[in-house]
Amino acid sequence: MPKAVSLSSPIAEKIAWVRDAHDQYGKRLLSEPVIYGALSELKAAVRASREEMNRTGVGEICRICEVEEGGSCCGAGLENRYDGWLLLINRLLGITLPTVPWRPDACFFLGRTGCLLWARHVICINYLCKKITHTIPSARLKTLRQQEGVEIEILFALKERIKTCLKKWTTD
Ligand code: SF4
């Protein structure tokens, strides 16, 4: 197992850890039915959240803000909230993590067309700016909030399962 990284490690070190952990254990993790199943559930939950974002109009507000108004919520430094486990989940989902940021003033994981990650931090999943909460009544956001809750629950359980497997395999 590559040397562990902490939450306070620089993002480049976390990404290097993910690369090594994925090289060594990626296939084995994906061959665990419980992990493979949870990754599929997570994908479906993320898709459902995105569909709900579009249905409520949140997606369009974000698109206009990002493309026409310069965007602001995915600021530089937010990537530091991510630990290696969450990034490893993204790698297991087939995401190629960047090696340089697209924009120096933005989160390391922001790409030209939005967030590059599928498995996102609770802060990223839950955040709704004032523009959204002032435009869309909270009753219309209820299903989106519920769907985000499903996403967060799956993510939490998946992270624990991956940790348990890697601990077991590296101490056997
Ligand atoms: S949503 Fe994605 S790009 Fe935005 S802050 Fe979160 S990780 Fe970064």
Side-chain angles (χ1 to χ4, degrees), residues 5-19 21-22 26 38-136 138 140-141 143-160 162-163:
V5 280
S6 70
L7 186 59
S8 59
S9 301
I11 197 67
E13 278 180 26
K14 292 177 189 169
I15 291 173
W17 177 85
V18 170
R19 187 194 55 227
H22 186 260
L39 286 166
S40 304
E41 278 176 31
L42 179 63
K43 260 190 186 173
V46 172
R47 275 200 195 100
S49 294
R50 287 180 184 172
E51 280 166 20
E52 194 53 31
M53 276 180 79
N54 290 334
R55 202 187 63 76
T56 53
V58 170
E60 182 60 5
I61 295 175
C62 292
R63 190 196 66 75
I64 292 171
C65 176
E66 187 58 40
V67 175
E68 296 171 20
E69 299 164 7
S72 63
C73 58
C74 297
L78 277 166
E79 67 277 3
N80 295 322
R81 303 289 186 129
Y82 283 73
D83 61 19
W85 301 107
L86 197 45
L87 295 176
L88 178 59
I89 292 173
N90 279 284
R91 191 68 197 89
L92 291 168
L93 285 166
I95 306 291
T96 303
L97 299 172
T99 49
V100 286
W102 168 53
R103 270 183 11 205
D105 60 340
C107 171
F108 202 86
F109 300 120
L110 183 69
R112 278 177 200 283
T113 55
C115 182
L116 299 171
L117 307 179
W118 272 68
R120 290 178 305 149
H121 193 286
V122 175
I123 289 175
C124 301
I125 295 174
N126 276 338
Y127 181 70
L128 291 177
C129 70
K130 285 205 174 98
K131 203 181 291 179
I132 292 170
T133 53
H134 286 169
T135 312
I136 303 176
S138 56
R140 275 189 66 198
L141 296 171
T143 312
L144 176 61
R145 290 303 199 189
Q146 283 168 346
Q147 187 50 48
E148 288 169 347
V150 173
E151 202 179 319
I152 291 165
E153 257 179 53
I154 298 171
L155 259 178
F156 182 79
L158 179 56
K159 207 175 179 185
E160 293 310 307
I162 292 174
K163 278 186 194 174

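Just follow the structure's listing: the first ligand is 1, and inside any ligand the first atom is 1. Please read all numbers here as calculations on a predicted model, not as lab measurements.
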Answer yes or no: are there more than 12 heavy-atom neighbours, outside [X] itself, under 6.0 Å from its atom [atom1]?
| X | atom1 | answer |
| --- | --- | --- |
| Glu153 | CD | no |
| Arg103 | CZ | yes |
| Lys159 | NZ | yes |

Tell me the protein N, O or S atoms under 2.8 Å from atom 2 (Fe) of ligand 1, in chain and number order. Cys115 SG
Both conditions, 6.0 Å and 45 degrees, for the charged tip of Arg47 above the ring of Trp118: are they met here? no
Got a salt bridge between Lys131 and Glu66, using NZ or NE/NH1/NH2 to carboxylate O under 4.0 Å? no
At a 4.0 Å cut-off, with the gap strictly under it, does some heavy atom of Tyr82 reach an atom of ligand 1? yes
Verify, without hydrogens or angle tests, whether Arg145 (side chain) and Asn126 (backbone) share a donor-acceptor contact under 3.5 angstrom. yes
